[in-house]
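The structure appears below as structure tokens.
All figures in this text were calculated on a predicted structure; none of them were measured in a lab. Values reported hereafter were calculated over all heavy atoms of this structure, with side chains retained and with hydrogens, waters and symmetry mates removed. Note on naming: letters A, B, ... go to the chains in the order of the sequence lines (proteins, then strands), and numbering restarts at 1 for each one.
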2 protein chains.
Amino acid sequence: MRAAVDLVAEAGFSAATTAAIAERIGMAEGTLYRHFKSKDELFIAAYRQLKADVFERVTAETGLESSIQARARAMWLGMWQTYANDLAAFTFGQRFAESAYSSLEGGTAHEAIMGHVHKIIQDGQASGEIRAGDPTVLIAFFFPPLTAMLKQLSTGRNWDQDEVEFAIDCAWQAWRI
Amino acid sequence: MRAAVDLVAEAGFSAATTAAIAERIGMAEGTLYRHFKSKDELFIAAYRQLKADVFERVTAETGLESSIQARARAMWLGMWQTYANDLAAFTFGQRFAESAYSSLEGGTAHEAIMGHVHKIIQDGQASGEIRAGDPTVLIAFFFPPLTAMLKQLSTGRNWDQDEVEFAIDCAWQAWRI
DNA sequence: GTCTATACAGGGATAGAC
DNA sequence: GTCTATCCCTGTATAGAC
């Protein structure tokens with residue numbers, strides 16, 4: 001699974017052939033099929049594990065914070081740090097979600113992560129800290145900017161701590177009353 | 001090119017084979033190669049034309065506005081309307097950009113569109129209407145939310161006029177002083 | 001410009017020995 | 001669990017007639 005993730009991140013799905021995966025881990029091609037029924041199943045399993053890992057990390061971090069703004073910030077940083085430490089996993093996830101596989105695997109963990117932000121927004125709207133309006137729109141000002149910056153990170157653009165904090169603040173400005 | 005775009009949008013690159021493209025337009029497979037040297041060239045040509053069309057439309061609309069905020073709004077609406085009227089083209093563009101093709105075709109028109117928003121931000125920062133800070137970060141609060149909403153539109157989520165205006169306002173809140 | 005026929009390569013998957 | 005060998009299919013691209 002690791003080899004598959006790395007290959008997809010490096011050169012796309014078309015490069016992640018069974019031959020390439022097997023070669024990278026020094027295993028025979030046929031042996032792959034003792035562990036996975038098909039290549040598709042391997043990719044889907046890798047995607048599921050990736051999302052589950054991120055979800056675990058993010059929920060653990062946001063639970064420690066009390067204020068709405070701090071929860072949102074912790075969530076942003078949790079995702080940022082998780083993916084920044086494994087950019088190949090990030091790129092794999094992006095490509096997977098944009099591929100035809102996405103229709104096969106909606107992603108329960110993905111839904112769980114979305115639900116987590118949804119909750120922050122609803123709490124903030126209830127307490128009067130976050131502007132009223134469709135939460136779906138507000139979420140579009142959280143994950144998409146975050147992933148856009150991660151994408152640039154994976155292509156060599158470096159962000160210093162100030163820039164990350166600036167981004168988090170922009171996100172909060174978009175949300176706040 | 002139209003058939004290729006539609007097929008990629010419907011079922012991903014793996015489904016957009018030369019056989020499928022030829023069948024959809026009622027043409028023999030071999031005939032495709034009288035118009036394009038290779039399948040890759042076909043995809044890249046389609047992507048270039050797509051971006052060029054969007055650029056033309058967007059620059060035409062934003063030129064009519066005077067204030068910074070109105071220019072930003074016109075740009076958002078220009079892209080929104082262009083892609084909302086051709087969701088297949090939008091999805092194709094997303095998938096193309098996330099695929100291995102993206103390394104072959106950086107996209108001059110894409111750069112031009114980015115430069116256009118960059119200009120709006122710089123003008124706004126100079127006039128004191130837009131907060132100081134890295135323009136790259138601010139751009140992450142423009143296109144990514146916009147495309148995230150378009151992506152949902154392409155999967156059946158409908159947005160009414162108020163929600164679109166709400167999104168534009170959120171983007172402006174993220175930018176403004 | 002378009003078609004038919006075909007060459008060629010590569011990828012997914014299986015069988016069976018060790 | 002792993003390897004080797006192999007089958008089969010599909011996808012890209014070309015040749016050549018009309």
Side-chain angles (χ1 to χ4, degrees), chain A residues 1-51 88-89 91-107, chain B residues 1-51 88-89 91-107:
Chain A
M1 280 164 57
R2 186 69 235 175
V5 165
D6 288 344
L7 281 165
V8 170
E10 286 164 22
F13 277 100
S14 57
T17 63
T18 50
I21 294 168
E23 192 204 343
R24 178 161 297 212
I25 54 180
M27 185 178 259
E29 213 174 333
T31 309
L32 293 178
Y33 291 87
R34 292 287 171 174
H35 302 276
F36 298 96
K37 271 184 66 179
S38 70
K39 200 184 96 166
D40 287 3
E41 196 185 70
L42 192 164
F43 283 142
I44 290 171
Y47 184 72
R48 285 207 179 117
Q49 195 184 68
L50 163 65
K51 284 289 178 180
T91 304
F92 169 79
Q94 292 287 106
R95 293 193 159 163
F96 185 97
E98 206 56 65
S99 77
Y101 285 114
S102 61
S103 56
L104 298 176
E105 167 60 18
Chain B
M1 280 162 58
R2 185 68 236 176
V5 165
D6 288 344
L7 280 165
V8 170
E10 287 164 20
F13 277 100
S14 56
T17 62
T18 48
I21 295 167
E23 191 203 344
R24 179 162 294 213
I25 53 180
M27 184 178 259
E29 214 174 330
T31 309
L32 293 176
Y33 291 87
R34 293 285 173 176
H35 301 275
F36 298 95
K37 271 184 65 180
S38 70
K39 199 184 95 166
D40 287 3
E41 197 185 69
L42 192 164
F43 284 143
I44 291 171
Y47 183 72
R48 284 207 180 117
Q49 195 185 66
L50 163 65
K51 284 289 178 181
T91 303
F92 168 79
Q94 292 288 105
R95 293 193 159 161
F96 185 96
E98 206 55 65
S99 77
Y101 285 113
S102 61
S103 56
L104 298 174
E105 167 60 18

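Remark: A/Gln94 engages A/Phe90, A/Thr147, B/Glu98 in a side-chain contact (heavy atoms from CB on, under 4.5 Å) (not counting sequence neighbours). With sequence neighbours left out, the ring-ring contact (aromatic ring centres under 6.0 Å, His included) criterion links A/Phe92 to A/Phe96. Shown here are the side-chain contact (heavy atoms from CB on, under 4.5 Å) partners of A/Ala45, two or more places apart in sequence or in another chain: A/Met1, A/Phe36. Here B/Arg48 pairs with B/Glu105 under the side chain to side chain donor-acceptor pair (under 3.5 Å) rule; sequence neighbours left out. Partners of B/Ala100 under the side-chain contact (heavy atoms from CB on, under 4.5 Å) rule, at least two apart in sequence or in another chain, do not exist in this structure.
Residues from residues 1-14 of chain B lying near DNA chain D, meaning a heavy-atom separation below 4.0 Å, are absent. In the region residues 19-41 of chain A, proximity to DNA chain C at under 4.0 angstrom, judged on heavy atoms, holds for A/Glu29, A/Gly30, A/Tyr33, A/Arg34, A/Ser38, A/Lys39.
Read 5' to 3', the first and last nucleotides of DNA chain D with an atom closer than 4.0 Å to a heavy atom of chain A are D/dT2 to D/dT4.
Side chain of B/Ser102 to main chain of B/Ser99: a donor-acceptor pair is present (N/O by atom type, distance under 3.5 Å, no hydrogens or angles).
Each side-chain hydrogen bond (donor to acceptor under 3.5 Å, both in side chains) pair with one or both residues in residues 7-19 of chain A, not counting sequence neighbours, appears once here: A/Glu10-A/Arg24, A/Thr18-A/Glu29. Contacts classified as salt bridge (Lys or Arg N to Asp or Glu O under 4.0 Å) and involving residues 37-47 of chain A (residues at least two apart or in different chains) are not found.
Contact annotation: the side chain of B/Val5 never approaches that of B/Leu50 to less than 4.5 Å [non-hydrogen atoms, C-beta and beyond].
An end-to-end axis angle of 0° holds for the helix from C/dG1-D/dC18 to C/dC18-D/dG1, taken from five base pairs per end and rounded to 10°.
Within the 4.0 angstrom heavy-atom criterion, base atoms lie near B/Thr18.
The line from CG of A/Leu104 to CD1 of A/Ile44 is 5.0 Å long, rounded to the nearest 0.5 Å.
For A/Phe43 and A/Tyr101, the gap between ring centers is short of 6.0 Å.
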